[in-house]
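Please read the structure below before turning to the comments.
Protein chains get the first letters and strands the later ones, always in sequence-line order, with residue 1 at the start of each.
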Amino acid sequence: MSNDDREAYVPSQVEEKWQRLWDERGTNSFTPDELKNAADPFYNLMMFPYPSAEGLHVGNIYAFTGADVHGRYQRLLGRDVFEPIGFDAFGIHSENFALKRGVHPMDLIPSNVANFTRQLRRTGGMFDWKHTVDTTHPSYYRWTQWVFLQLFKAGLAERKEAPVNWCPSCMTVLANEQVIAGACERCQTAVEQRRIAQWFFHITRYAQRLLDNLDTLDWSESTKAAQRNWIGRSEGARLRFPVLDAGGHDSGTFIEVYTTRPDTLYGATYMVLAPEHALVDRVTDDGHRPPVLAYREAAAKKDLVARQKVDKTKTGVFTGGCCRNPVTGQPIPIWIADYVLTGYGTGAIMAVPGHDERDFEFAEQFELPIVRVVAGPGDGPDTPLPEAYVGDGVMVNSGPLDGLPWPEAKAKIVEMLSGHGLGEHEVNFRLRDWCISRQRYWGPPIPVIHCDACGPVAVPEKDLPVVLPRVADFKPDDSGVSPLARLADWFRTTCPECGAPARRETDVSDTFLDSGWYFLRYPSTDFDDRPFDTDITSKWLPVDAYIGGNEHAVLHLLYSRFLTMVLHDLGHLGFEEPYRTFRAHGLIIAEGAKMSKSKGNVVVPDPIIEEYGADTFRTYLMFLGPFESGGDYRQEGIQGPFGFLHRLFDTVLSAGDGQPDPHIERKLHRTIRQVTEQLRELQYNTAVAAMMEYLNAVRSGGRRAARAEVEPLVALVAPFAPHLAEELWERLGHTESIFDGANWPAYDEAKTVDDAVNIAVQVNGKLRGTVQAAKGAGEADVVALARNDGNVARHLVGVTERKVVFVRDRLVNFVVS
RNA sequence: GCGAAAGUGGCGGAAUGGUAGACGCGCGAGACUUAGGAUCUCGUGGCCUGUUGCCGUGGGGGUUCGAGUCCCCCCUUUCGCACCA
């Protein structure tokens with residue numbers, strides 16, 4: 001038969017047909033009963049997108065396809081796979097875009113969502129469209145507000161005045177996490193400091209647990225490391241330094257410092273307070289007051305960008321005050337400097353210039369004494385310090401600590417000081433409380449009512465949702481309050497407790513709160529009277545597999561872990577960790593560079609799917625490189641998978657009924673084994689390669705395939721090319737979807753083994769030939785064969801054999817000299 | 001600076017300590033075609049005239065019969081965090 005007579009593979013026809021049939025048959029969606037009664041539930045989650053006006057980009061599709069391949073594979077194994085998708089549509093992104101376009105977000109978002117939905121369907125994801133969420137819909141944010149109330153009632157949400165990062169361009173408060181190198185992560189504008197009353201969640205109370213639980217999670221190591229780093233636990237001590245009065249006597253006031261190296265206390269030669277420190281006034285004497293105040297004012301004016309300059313030059317001024325080193329008894333000067341941060345530890349440090357790089361630099365600059373208290377190998381007590389020594393060693397110039405290795409000294413000195421009330425062991429975390437209020441419009445109103453008599457009062461749960469009103473003017477201004485504060489009709493209300501006139505909270509909440517619990521909502525969207533159904537939640541959660549980007553390694557994942565822990569502690573959930581496994585996918589670049597409009601290498605999905613089909617696009621994306629490291633998208637490369645699917649279509653349709661060839665059958669079982677193992681590990685690129693290799697073998701020499709040789713391949717390819725697989729499956733005579741029923745092929749280990757093997761023959765580790773032998777052949781036989789190989793024999797002439805290394809079925813190595 | 005990951009053909013990338021470069025792109029040659037950016041076949045790390053051969057996984061040491069893989073030092077790149085005491 002010539003190629004011209006064969007039916008051509010037309011992706012668009014196949015894909016339209018199956019997308020329609022999946023919808024009609026409800027192939028990918030669960031009814032409430034099915035959710036309740038699923039025999040073998042598998043919750044496959046991917047990070048829901050923010051529905052931008054530009055539409056889905058390749059990065060989204062890459063992530064979703066990788067997750068979808070995993071879900072479809074689990075389903076082919078026979079599991080009941082729930083794979084929902086939704087839209088994270090609140091937030092500054094949408095609001096700013098709406099402002100720019102002059103469209104109201106309430107009008108903009110629905111059309112973006114419709115566009116995303118169309119695109120997502122077109123990519124062939126196995127999404128359950130009956131269980132989707134849109135965070136901006138009152139039926140969703142009603143429960144986001146409910147989550148807030150649970151924390152509020154538990155005392156984990158608190159309003160307090162705090163210095164915050166203020167973006168003068170976005171006109172909003174940013175979380176520390178949203179400040180990148182002192183600039184707004186969204187618009188790169190320099191961030192300023194302001195003091196505003198804000199709602200905070202006390203995530204710091206969970207810091208230790210958030211850290212400890214990491215050890216129990218099956219997550220990408222890089223993600224766990226990022227979280228550990230972010231939580232930033234450090235173990236040290238809180239020490240108290242007596243402040244001296246003008247006469248050089250203890251004044252009764254103490255300065256508290258936090259240090260991770262209390263052992264170096266004998267080397268503390270000066271003290272530094274943050275410029276904002278409460279005791280600055282008190283320790284400053286009259287002679288030094290003008291420069292201190294000037295420095296303090298300058299520091300206050302500096303925004304966070306300036307404060308966090310990488311610039312290593314230290315600045316600071318002497319206050320004129322002194323305190324006493326509690327162990328040496330020596331008076332040491334008190335300085336203020338902005339390299340000491342007010343938000344970490346106690347806002348004051350004991351400076352040990354000999355053993356801390358920052359202190360060393362400061363001491364050099366201002367000619368303060370530098371004392372060695374740790375001696376490294378080969379150092380004595382008086383060995384000069386050309387730079388701070390931070391390595392291991394033993395204590396010197398440290399009285400009773402002398403000779404101790406510093407970790408031991410650390411414990412000992414804390415013990416010594418605690419006896420005198422001058423210090424105690426302390427653990428510190430870098431993690432800060434989570435500021436969840438936003439002085440913006442496009443978010444769920446925080447469900448609190450402020451009453452003059454009762455203070456902040458929770459909106460009764462029966463009154464939820466507090467609906468975000470539609471207002472024409474949603475533009476933020478420099479007032480520092482939400483646009484909702486302009487709507488007197490909206491915010492005027494009465495106190496739910498005492499009935500007095502009261503005022504609604506006009507701030508809205510952070511989008512990370514919306515996305516912090518969405519996975520709980522998906523399986524329960526059939527219920528509008530509860531955030532998540534108890535039975536369904538205990539059946540489906542925690543999430544079995546979560547796949548997403550490492551850009552959310554800290555914030556989103558940490559916040560959702562925190563919320564899950566809280567809801568667990570409050571008795572709402574039976575588990576405290578939301579995601580059993582998490583895998584971070586890599587980043588897609590294009591033509592060797594990061595995608596950007598200016599480089600003109602942005603990959604636009606729609607026309608590619610139009611030309612090659614979703615199946616080819618999916619397969620290619622998964623073939624580009626290891627899923628967990630990403631890959632380089634090159635347009636020409638798509639020809640490989642495109643040709644592969646064409647050949648697959650052609651080969652299956654023209655397959656005959658004969659017996660499978662034994663060699664092919666062996667390769668088939670090996671291929672099934674490899675693809676099975678690699679799909680489990682998300683090693684998609686090599687799994688696709690194995691299938692290509694197998695198809696090449698089936699077609700080699702232009703032979704006609706036997707049906708038994710290719711039918712299992714259709715199932716193997718189904719996670720990658722689901723439409724084509726369905727089509728071929730149907731043409732092979734099946735009436736049910738390939739995804740219904742456990743159609744993943746089994747392999748027979750016995751059938752993967754060859755009866756003959758090629759054995760490498762080396763002389764002194766260099767390959768000199770190969771010989772063929774029966775599988776499992778013994779040493780004597782194989783070595784004899786090897787010795788007779790012409791080329792090997794040549795290398796064995798005129799040398800002395802010392803040893804023969806034999807590895808069964810693999811190699812023979814003659815060691816000669 | 002700290003933390004994480006990675007350096008292999010022209011390119012994307014494969015390799016339980018055991019025949020480096022699977023699979024694919026690109027390229028070359030050929031076949032079939034009125035034509036083809038279609039399809040099919042063969043070839044494709046470098047060097048030498050060459051099937052024998054030599055050299056090859058960022059650089060330098062080491063362990064081993066045998067190292068891309070393990071250990072030590074160095075260089076480079078990417079990502080994240082950045083004065084956290």
Side-chain angles (χ1 to χ4, degrees), chain A residues 2-4 8 177 180-182 220-226 228-230 232 234 236 257-261 264 272 307-312 314 337-341 343-352 356-359 361-362 428-432 550-551 553-554 586-587 589 591-592 594 620 623-626 628-641 643-644 646-647 650 685-694 696 699-702 758-770 790-791 794 802-807 809-816:
Chain A
S2 82
N3 287 338
D4 304 331
E177 296 87 327
I180 307 299
S220 301
E221 272 313 311
S222 60
T223 311
K224 291 209 245 183
R228 282 192 192 100
N229 232 11
W230 192 262
S234 75
V257 302
Y258 173 73
T259 174
T260 54
R261 292 293 302 274
T264 60
V272 188
R307 279 295 284 276
Q308 292 182 357
K309 270 267 162 25
V310 187
D311 187 355
K312 277 271 186 170
K314 300 276 186 289
D338 67 2
Y339 82 94
V340 175
L341 308 176
Y344 185 78
T346 62
I349 61 156
M350 64 176 210
V352 184
D356 181 280
E357 288 169 24
R358 297 152 300 180
D359 297 344
E361 195 194 332
F362 191 83
N428 244 293
F429 294 95
R430 208 190 72 119
L431 185 69
R432 312 292 170 80
N550 240 339
E551 70 272 19
V554 259
L587 239 55
I589 58 172
E591 312 293 333
K594 212 181 235 180
Y620 182 44
F623 180 64
L624 282 179
E628 292 181 63
S629 25
D632 186 1
Y633 188 96
R634 287 175 191 264
Q635 189 55 42
E636 316 92 67
I638 201 169
Q639 293 300 338
F644 167 64
H646 270 93
R647 287 189 289 276
D650 183 67
N685 58 330
T686 46
V688 172
M691 291 188 274
M692 288 175 167
E693 200 179 332
Y694 176 65
N696 289 346
R699 293 167 55 88
S700 70
N758 282 324
I759 292 173
V761 184
Q762 301 178 333
V763 178
N764 277 355
K766 278 195 200 300
L767 184 72
R768 297 302 179 189
T770 59
N791 193 39
R794 209 172 11 258
R802 299 290 175 199
K803 187 175 168 187
V804 180
V805 178
F806 173 74
V807 181
D809 296 336
R810 294 224 79 120
L811 68 53
V812 174
N813 185 13
F814 294 98
V815 185
V816 302

Looking only at atom P, what distance separates B:G60 and B:C55, rounded to whole Å?
15 Å

All side chain to side chain donor-acceptor pair (under 3.5 Å) counterparts of A:R802, not counting sequence neighbours
A:S817

Who pairs with A:D632 by side chain to side chain contact (heavy atoms under 4.5 Å, CB included), at least two apart in sequence or on another chain?
A:I589, A:R634

Which part of the nucleic acid, if any, lies within contact of A:R794, taking any heavy atom under 4.0 Å across all strands shown: a base, the sugar-phosphate backbone alone, or nothing?
sugar-phosphate

List in chain and number order the residues that pass side chain to side chain contact (heavy atoms under 4.5 Å, CB included) with A:K766, two or more places apart in sequence or in another chain; answer none if no residue qualifies.
A:R768

Please classify the nucleic acid contact of A:T770 as base, sugar-phosphate, or nothing, using heavy-atom distances under 4.0 Å.
base

For the pair made of CG in A:N229 and P in B:G1, what is the distance, rounded to whole Å?
16 Å

Nearest whole angstrom, please: distance from the C1' of B:C11 to the CD of A:Q635.
15 Å

Polar pairs (N or O, both sides) under 3.5 Å between protein and nucleotides 60-65 of chain B?
from	atom 1	to	atom 2	distance (Å)
B:C65	O2'	A:N813	ND2	3.2
B:C65	O2	A:N813	ND2	2.6

Calculate the interatomic distance between A:Q639 atom CD and B:C11 atom C1'; express it in whole Å.
16 Å

Under 4.0 angstrom, heavy atoms only, what part of the nucleic acid is A:N758 near: base, sugar-phosphate, or nothing?
base

Quick one: is A:R647 getting a side-chain N or O under 4.0 Å of the B:A38 phosphate, OP1 or OP2?
no

Roughly, in whole Å, what's the span from CD in A:E628 to C1' in B:A4?
14 Å

For B:C74 versus B:C2, give the span between their P atoms, rounded off to a whole number of Å.
12 Å

In dot-bracket form, how is RNA chain B paired, counting a Watson-Crick or G-U wobble pair only if both its distances are under 3.5 Å and using | for bases paired to another strand?
(((((((..(((.....[....)))((((((.......))))))(((.....)))..(((((..]....))))))))))))....

Return the orientation label for the A:Y258 and A:Y344 ring planes: parallel under 30°, perpendicular over 60°, tilted otherwise.
perpendicular

Residue list, side chain to side chain contact (heavy atoms under 4.5 Å, CB included) with A:T770, at least two apart or on another chain:
none

Of all heavy-atom pairs between A:R430 and A:W230, which one has the smallest distance, and what is that distance?
NH2-CE3, 2.9 Å

Rounding to the closest angstrom, what is the interatomic distance between B:C27 and B:U33 at atom C1'?
23 Å

Indicate the atoms forming the closest heavy-atom contact of A:V554 with A:A226, along with that distance.
CG1-O, 3.5 Å

Produce the list of close N/O pairs, under 3.5 Å, pairing protein atoms with atoms of nucleotides 32-35 of chain B; give distances to one decimal.
none

Gap in Å between the two P atoms, one belonging to B:A4 and one to B:C23, rounded
36 Å

Pairing residues for A:T260 by the side chain to side chain donor-acceptor pair (under 3.5 Å) criterion, not counting sequence neighbours:
none

Starting at the 5' end of RNA chain B and moving along, which residue's nearest nucleotide shows up first, A:G640 or A:S700?
A:G640

Using whole Å, report how far CG of A:D356 lies from C1' of B:C2.
14 Å

B:A85, OP1 or OP2 - any side-chain N/O from A:R430 closer than 4.0 Å?
no

Report yes if some heavy atom in the side chain of A:S222 is under 4.5 Å from a heavy atom in the side chain of A:N550; otherwise report no.
yes

So if I take every side-chain heavy atom of A:K594 and compare against B:C79, B:C40, B:G24, which nucleotide ends up nearest?
B:C79

Given B:A85, is OP1 or OP2 found less than 4.0 Å from the side-chain N or O atoms of A:Y258?
no

Pick the nucleotide of RNA chain B nearest each of A:I638 and A:H646; which residue has the one closer to the 5' end?
A:I638

Residue list, side chain to side chain donor-acceptor pair (under 3.5 Å) with A:N758, at least two apart or on another chain:
none

Whether each nucleotide of nucleotides 12-17 of chain B has a protein heavy atom under 4.0 Å at its base (B), only at its sugar-phosphate (S) or at neither (-) is summarised, 5' to 3', as BSS-B-

Please pick, from B:C81, B:G80, B:A85, the nucleotide with the shortest atom-to-atom distance to any side-chain atom of A:W230.
B:C81

Mind calculating the distance between CZ (A:F644) and C1' (B:U39) to the nearest angstrom?
17 Å

When the distance from CD of A:E357 to C1' of B:C83 is rounded to whole Å, what number comes out?
11 Å

Does this structure show an ion pair linking A:D356 with A:R261, if we count only N-O contacts that are shorter than 4.0 Å?
no

From the candidates B:G24, B:C83, B:A22, the one with an atom nearest any side-chain atom of A:K314 is B:C83

If the condition is side chain to side chain donor-acceptor pair (under 3.5 Å), which residues does A:N685 pass it with, not counting sequence neighbours?
none

Smallest separation among heavy atoms of A:V815 and A:N764, with atom names:
CA-OD1, 3.4 Å

Would you classify A:K224 as touching base, sugar-phosphate or nothing, given that sugar-phosphate means primed atoms plus P, OP1 and OP2, and contacts are heavy atoms under 4.0 Å?
nothing

In whole Å, I'd like the distance from the CG atom of A:L767 to the P atom of B:U19.
9 Å

Would you say A:N791 reaches B:G53's phosphate, i.e. side-chain N/O to OP1/OP2 under 4.0 Å?
yes

State which residues pass ring-ring contact (aromatic ring centres under 6.0 Å, His included) with A:Y694; sequence neighbours excluded, sorted by chain then number.
none

How many angstroms lie between NZ in A:K803 and CG in A:N813, if you round to the nearest 0.5 Å?
9.0 Å

In whole Å, measure the gap between the P atoms of B:C25 and B:U41 for me.
12 Å

